[in-house]
Amino acid sequence: MILLFLELKIQAALILKDAIQSAGFEIEDSELYFETSPHADLASRAAFKLASLAKKSPKDLAALIASKIEIPDGSYIGEIKPVGPYINFWASRNYLDGTVAAILTEQEKFGCGAPKDKILLEHTSANPNGPLHVGHIRNSIIGDTLARILKRAGYEVEVQYYVNDMGRQIAVVSWACERFELDLSKKSDSAIAEVYIKANAALEEHPEYVDFIDSLMEKVEAGDVGTIESFDKAVSLSVAGIKETLLRLNVSHDKFVKESTFLKSGAVHDIVERIKATGRTDIDKGALVVDLLDYGFEKTLVIQRSNGTSLYTTRDLAYHEWKATRADRVIDVFGADHKLISGQLRATLNAIGIQEPEVVIFEFVSLPEGSMSTRRGQFISADDLFDKVTTEAFEQVESRRPDTSEEFKREVAEMVGMGAVRYDIVRVSPEKSTVFNWKEAMDFEKQGAPYIQYSHARACSILEKAKEEVAWDPNAKIDSSLLVEDSEIALIKKMALFDSIIDNCARDLKPHTLAIYARELADAFNQFYRFVPVIAAEDEQVRAARLVLADCARIVIANALDTLGIGAPESM
RNA sequence: GGGCUCGUGGCUUAGCCAGGAUAUAGCGUCGGGCUUCUAACCCGAAUGUCAGGGGUUCGAAUCCUCUCGGGCCCGCCA
C-alpha cells in the first residue's frame, strides 16, 4: 500500500513543525490546523493560533514561519508560501509522478490501507414480515458501503443480518400464514406481506385475538416444536425474498444470525442473570426492569415481560455479547427509531463490562403521504423501485445505443439503474431525513452514478481505441512528467486524494463523503477528456503518457465505484 | 409535555464534530459548444438575510442560548 495525500500531509506536518520551532515556538501536531483549500493543495491556519501567544499578527507570523521553512529533497511538497495569515503548500512533481506510478503498481488495490483490526458490522436486519422497502435499503446501502470502505481501509470485516425470528410481529406473520392463503405465485416476501397486512387489520378489528398471539410467543419461548416450525417457515419465506432483493442491490452478508439462537443456547438467560447481579434490576408491575439513571436514562429498561418471556432488547443484549467476543470493534447501522433503545443497550452492556457497539444512525425515508409501514401496507418495495428504475434505464440505453445487442442493453440498464439507486441514497448524509421522490430516483441526467459510470466508460473507450489504432501497450514505460496541462494535474491530484477519502470515511463512518469524491473525480476526468486530446496528441511520448493517465483514471474511478458497490461498465 | 435530530438560492445538497481566504455542487432557468478519443458530456450567466432572535470571539453556516418549522423517540413492539 502506497500513501499519497496522507503521506503529503505527514511530510507537510514535519516541515511545518520544524519551521515553527526554528521560529521559536512550540506546537503540538494537533495544532497545525491543516485544511484542504481551493487556494492550495494543503493549507495551515497555525499562524492564527500562535498569534496571540506570539503577540504578532497572524500575517506577520505566517511570513516569519514561512521564512524558516526548509523542504527536503525528494519531498512530496514542492512549494510553501505564506498568503496573508495562511501558510499554503503545493505538491511537487515528485508527488504527481508518484501518484501515477502508485496507481499503475497497485491497480485495483490502489487506495487500500494497512491491515487493521477485525470489525463485525450489522446492517439491514429488517423484520421478516415482508419485502424490503425504500426505507430499509437506506440501511442496506449505508451499511454495505461502510463495509466496503472499511475493507478498503484495511479492516477485516464480517457483515451480519440479525433475523428477528421470534418477536410479536413474527407471531403475527405465522398466525397470518395459517389464517389466510399465501399467494406463492408472488415473490415469497410479498406474499408474506399480503397476509401480514390482512392479519393486522383482523387484529385491529378483533383485539381478542391478541391473546392468541401472546400464547404463540409463550409457546416459542418454551420450545414448542410445532409453533417453532410454523414461525420458521414464515421467516424462511420472507428471508428468501429479502436475500434476492439484496443480491440485486449488490449487498452481501456473511451471516444471517437468528434471534432464537441466543434463547436456545441459554445466553439470554445468562445475560439476564448477569444484569441482575449488578443490583440494577427491579420488578415493576411484574416485569423485570433495569435502572440506567446513572447513564442518563430517566426511564428503566424492560428486559423481561411479566409473563417471563424475553423481549427483542433482551435477545439483542445476548447477541451483542456474542458479537463482542468475535471482533475488535462492533458496528451497528440502525434507523433513527433505534436511537433511544440503542443508547440503553450500550449502557446496559457497559454496566456488565461488555464492549459496546458503535452505532451509526440514519434518519427516515418517508413517502409524500407520510411514513412507511409494512403493517399498514403503506410502502414502496425495493423490488418495485428496482424494476421501474432499470426499465427506465433500458429505454435510455435503447435510445442512446440503438445498434447494440439486447444483452448489452440489459446489462447496462441493470448497472445504470441499480447504480443510480445506490448513489442517490448514499450521497445524502445519514442524519438528513428524506422524502422519497420518484422523479429524482429516475433522473439519469444529473451528476449521479450514471455520470460517474459514463466517465469510466469513456476512459475504457479511449484505451480500446488506442489498442486498435496505435497498438497501445499498457505496460510500456512512460514519462509522467509530460503531464503538465492544468486538467491533467488536477486529475492526478484528485486521484491522489483517494487514500485520504477512504481513511476519513472509515474514521467518521460517513459513506456520503466517498460518493461526493467519486463525482468530483469523474468531473476531473471529464474536463481532461474535453480539453486534452489523447489519441490525437501530436507527440508520441505525450500520447503515451496521456494514455497512461486515462488508464489511471479508469482504475481509480473503478475502485471508487467498487467501494460504492456500483458497477463500472466498460461501455454504455 | 420531555429527549434526540434536521432547517444552506425555486428544488435537492456539501461544508458544521476539530470557528478563519470570494459558502459546495447538482436539478431547474437563460446563453453557448458535436467534420475531433461515446453530447448520459463540456463552458458561461442569473439566483443565498446559511430558518429567526440573542450571545461568545479579532473572526460564526460552524460554538452556546432561546423561538419557530420538519422528522424520530418516550417501559412489558421491533
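Here is how names work: the chains are called A, B, and so on, in the same order as the sequence lines, proteins then strands, and each is numbered from 1.
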Which residue lies more 5' along RNA chain B, comparing A:Asp337 with A:Ile87 via nearest heavy atoms: A:Ile87
Pair listing, salt bridge (Lys or Arg N to Asp or Glu O under 4.0 Å) test, anchored in residues 525-541 of chain A, at least two apart: none
Inter-nucleotide C1' distance (B:U56, B:C64), Å rounded: 7 Å
Near-strand residues of residues 284-295 of chain A, defined as heavy-atom separation under 4.0 angstrom from RNA chain B: A:Asp284, A:Lys285, A:Ala287
Smallest separation among heavy atoms of A:Val272 and A:Leu288, with atom names: CG1-CD2, 3.6 Å
Sugar-phosphate, base or nothing in reach of A:Tyr33, heavy atoms under 4.0 Å: nothing
Whether A:His133 and A:His136 hold their rings parallel, tilted or perpendicular, with breakpoints at 30° and 60°: parallel
Contacts of A:Thr124 that satisfy side-chain hydrogen bond (donor to acceptor under 3.5 Å, both in side chains) - sequence neighbours left out: A:Ser140
Qualifying residues under side chain to side chain contact (heavy atoms under 4.5 Å, CB included), relative to A:Tyr454, sequence neighbours excluded: A:Arg458, A:Met572
5' to 3' contact window, RNA chain B with chain A (heavy-atom distance under 4.0 Å): B:C4 to B:A78
Any side-chain donor near an acceptor of the partner, A:Asn307 and A:Glu218, under 3.5 Å: yes
A:Ser215: partners by side-chain hydrogen bond (donor to acceptor under 3.5 Å, both in side chains), with sequence neighbours left out: none
From A:His320, A:Gln160, A:His123, residue fulfilling side chain to side chain donor-acceptor pair (under 3.5 Å) relative to A:Asp332: A:His320
